[in-house]
Amino acid sequence: MRYGSAMLDLRQVGDHLDEVKTQLARRGYDDGATLDRLAALVSSRSQAIVELEECQRERNEAAQAMGKIADKSSAEFAERRESLKGLKERMKALETTRNEVEAELEDIVLGLPNLPHESTPDGKDESANVVVREWGEKPAMDFTPKDHVELGDALGILDFDRAAKITGARFVVLRGLAARLERGLMQLMLDMHVDQHGYEEVWCPALVNADSLRGTSQLPKFASDLFHIERHQELEAQGGGGQDLFLVPTAEVPVTNLHRDEILEDLPKAYAAYTPCFRSEAGSYGKDTRGMIRQHQFDKVELVRFCTPEDAIEQHALLTQHAEKVLQALGLHYRVVELCAGDLGFGAAKCFDIEVWLPAQNAYREISSCSWFGDFQARRLKARYRSEPKGKPRLLHTINGSGLAIGRTLVAILEQHQRADGSVTIPEALRPYVGGAEVIEAK
RNA sequence: GGAGAGGUGGCCGAGUGGUCGAAGGCAACCGCUUGCUAAGCGGUCGUACGGUCAAAAGCUGUACCGGGGGUUCGAAUCCCCCCCUCUCCGCCA
């Protein structure tokens with residue numbers, strides 16, 4: 001009945017089961033039994049539907065004929081009515097069967113990741129990711145680089161202790177120039193994307209409903225990564241149930257859902273949005289506990305593009321370049337890596353990560369992840385487009401990427417632009433956004 | 001939070017149990033007209049899934065009138081729950 005919620009094309013799964021298995025295996029999904037079960041469900045589903053529709057047709061014809069009998073109290077009418085009761089029972093049974101099949105089907109299908117695009121390199125994990133290009137070079141330092149926590153503490157601009165007091169672990173209080181840089185970075189990024197790269201600026205709710213999260217595929221599988229706001233608990237206790245809301249983990253969710261259940265006629269569309277992002281970070285205990293690399297709350301400017309399948313590769317590359325421009329403007333050394341199939345996110349078919357150089361960690365760290373989802377999200381979202389006025393609607397493609405994660409950008413600025421005395425040079429492009437300040441130094 | 005009114009096709013808007021996928025209008029598209037001229041006439045004009053077909057077109061079946069459930073031989077129309085919008089009051093950045 002409603003198959004829009006499927007993430008993979010069910011017909012494809014049914015008709016090309018082996019191919020789907022092979023593709024999913026590339027990203028480490030090897031549950032062949034579930035896929036076999038899925039294929040079986042697909043066919044029993046269509047069987048049930050065909051049968052049910054046949055009954056519905058019968059019923060409709062009979063009911064229509066009865067409507068034409070003028071005398072509703074006649075014996076003929078009563079007789080017909082009785083004879084239809086059996087059909088009604090049969091339909092109920094068929095409906096039950098169909099519902100059961102659909103429920104199981106949906107369960108499986110919503111949990112299946114996307115198929116990697118053919119151009120996505122093979123590989124099991126991040127060690128097989130491919131470095132596509134590098135920009136700039138590691139800043140030369142004739143001293144031992146400090147990390148941003150140490151720098152920020154000495155400069156009096158990052159306060160983790162008080163954040164822990166106010167809220168808890170994995171939060172930060174930014175003070176003085178750090179707070180101002182955070183705000184300035186947000187403006188700089190939005191201005192670049194809007195004025196130079198042609199994105200439409202949008203401002204969205206930071207709380208979204210479950211339908212939206214299903215649309216972009218955070219739900220149902222990744223509920224534990226989200227902060228969840230419960231409303232109307234008293235109603236829920238009565239079995240009614242209000243609508244629960246979730247804090248957005250990324251602007252991808254509200255922005256991509258802008259076009260849920262819509263048929264667009266003017267592609268491509270490009271949106272840039274700032275939102276705070278909230279992540280529970282369940283399962284990452286002990287990982288990046290120091291500093292502001294991995295926080296429960298951070299700011300991000302997100303880029304989202306909607307396009308035709310034909311344009312997608314090009315649009316994906318374009319979006320990635322737009323994100324890179326921000327790092328270039330800030331004079332931050334980075335590299336772009338293409339994720340291998342095994343390291344791909346759940347919904348992505350192809351993905352470029354932009355990794356910024358952090359001297360204190362002696363490592364490149366992800367600062368943006370630019371993903372192309374094919375029609376995976378579009379199918380869940382029922383987001384389509386029409387290429388001609390009377391043309392048939394087709395699923396569009398979605399692409400998104402951070403442009404950039406602001407907190408990590410701040411970290412990179414502190415660490416890459418630090419000087420021997422512990423002060424930090426503010427990149428020129430950013431100065432107009434922070435009241436002309438050129439350096440961060442201890443007071 | 002309290003009281004009330006509503007949610008119908010791209011838009012407006014009829015429709016209170018059968019002949020309704022849904023009047024009429026607008027917009028759009030395609031023709032025709034060119035002495036009613038910022039016009040006239042005719043036609044087309046939702047989506048999804050399935051069947052037919054070599055395929056497309058066409059034809060055809062089913063579902064969808066905010067969402068879910070129920071009553072009935074039959075529901076856009078009746079009943080229940082939910083969501084949303086609007087108006088008034090209260091509160092409030």
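So that the names make sense, note that chain A is the first sequence line, chain B the second, and so on, each numbered from 1. Not measured: the values here are computed from a predicted model.
Nearest-nucleotide positions on RNA chain B for Glu54(A) and Lys392(A) put Lys392(A) closer to the 5' end. Mapping Gln56(A) and Arg394(A) onto RNA chain B by nearest heavy atom places Arg394(A) at the nucleotide closer to the 5' end.
Pairing of U62(B), defined by two Watson-Crick or G-U wobble distances under 3.5 Å, is identified with A48(B). The partner of G42(B) is C30(B), judged by Watson-Crick or G-U wobble contacts that both fall below 3.5 Å. The pairing partner recorded for A93(B) is none, the criterion being a Watson-Crick or G-U wobble arrangement whose two distances lie under 3.5 angstrom. Searching all strands for a Watson-Crick or G-U wobble partner of G17(B) with both distances below 3.5 Å returns nothing. The partner of U85(B) is A5(B), by the rule that a Watson-Crick or G-U pair needs both atom distances under 3.5 Å. A 3.5 Å limit on both hydrogen-bonding distances identifies no Watson-Crick or G-U partner for U71(B). Base pairing of A23(B): no nucleotide in any strand meets the Watson-Crick or G-U wobble criterion (both distances under 3.5 Å).
To the nearest angstrom, P of A63(B) lies 13 Å from CD of Glu58(A). Rounded to whole angstrom, the span from the CE atom of Met91(A) across to the P atom of U72(B) amounts to 14 Å. What separates CZ of Arg386(A) from P of C45(B) is a distance of 13 Å, to the nearest Å. Spacing between atom CZ of Arg98(A) and atom P of C49(B) amounts to 16 Å, rounded to whole angstrom units. A75(B) atom C1' lies 15 Å from atom CE of Met66(A), rounded to whole Å. Going from atom CG of Leu94(A) over to atom P of A63(B) covers 14 Å, rounded to whole Å. Rounded to whole angstrom, the span from the CD atom of Glu61(A) across to the C1' atom of U62(B) amounts to 12 Å. Atom-to-atom, CZ of Arg380(A) to C1' of A48(B) comes out at 19 Å; the value is rounded to the nearest Å.
Between Asn60(A) and G18(B), a side-chain N or O to OP1/OP2 separation shorter than 4.0 Å is absent. Taking side-chain N and O atoms only, Arg59(A) has no distance below 4.0 Å to OP1 or OP2 of G18(B). Checking the phosphate oxygens (OP1, OP2) of A63(B), no side-chain nitrogen or oxygen of Arg57(A) falls inside 4.0 Å.
Comparing the P positions of U16(B) and G66(B) gives an interatomic distance of 15 Å, to the nearest angstrom. With C1' as the reference atom, G74(B) and U19(B) are 13 Å apart, rounded to whole Å. Atom name P, nucleotides G21(B) and G46(B): the rounded distance is 15 Å, in whole Å. Comparing the same atom, P, in G7(B) and in C45(B) gives a spacing of 27 Å after rounding to whole Å. On the C1' atoms, A76(B) is 15 Å away from G6(B), given to the nearest whole Å. Between A23(B) and C92(B), the distance separating the two C1' atoms is 47 Å to the nearest Å. G68(B) and A55(B) are spaced 40 Å apart, taking the C1' atom of each and rounding to whole Å. Taking the C1' atom of each, G9(B) and A28(B) are spaced 14 Å apart, rounded to whole Å.
Within the cation-pi definition used here (under 6.0 Å to the ring centroid, within 45° of the axis), Arg305(A) qualifies as a partner of Tyr199(A).
Distances were taken from every side-chain heavy atom of Lys92(A) (C-beta onward) to each of G50(B), A48(B), U71(B); the shortest belongs to U71(B). The side chain of Phe77(A) lies closest to C73(B) when the candidates are C73(B), A48(B), U19(B).
We find that Glu415(A) and Arg365(A) are not joined by a salt bridge, their nearest charged nitrogen and carboxylate oxygen being 4.0 Å or further apart. The pair Glu61(A)-Arg57(A) counts as a salt bridge, with a side-chain nitrogen and a carboxylate oxygen less than 4.0 angstrom apart. In summary, Glu366(A) and Arg408(A) do not engage in a salt bridge, as defined by a charged side-chain N under 4.0 Å from a carboxylate O. Between Glu281(A) and Arg170(A) there is no salt bridge, since no side-chain nitrogen of the basic residue lies less than 4.0 Å from a carboxylate oxygen of the acidic one. Between Lys85(A) and Glu82(A) there is a salt bridge, since at least one side-chain N of the basic residue sits less than 4.0 Å from a carboxylate O of the acidic one.
Judged purely by distance below 3.5 Å, without hydrogens or angles, the side chains of Gln377(A) and Thr398(A) pair a donor atom with an acceptor atom.
Within 4.0 Å (heavy atoms only), Lys88(A) reaches at least one base atom of the nucleic acid. Arg80(A) comes within contact range of no nucleotide atom at all, as no heavy-atom separation falls under 4.0 Å.
A donor and an acceptor atom sit less than 3.5 Å apart, one in the side chain of Glu53(A) and one in the base of G61(B).
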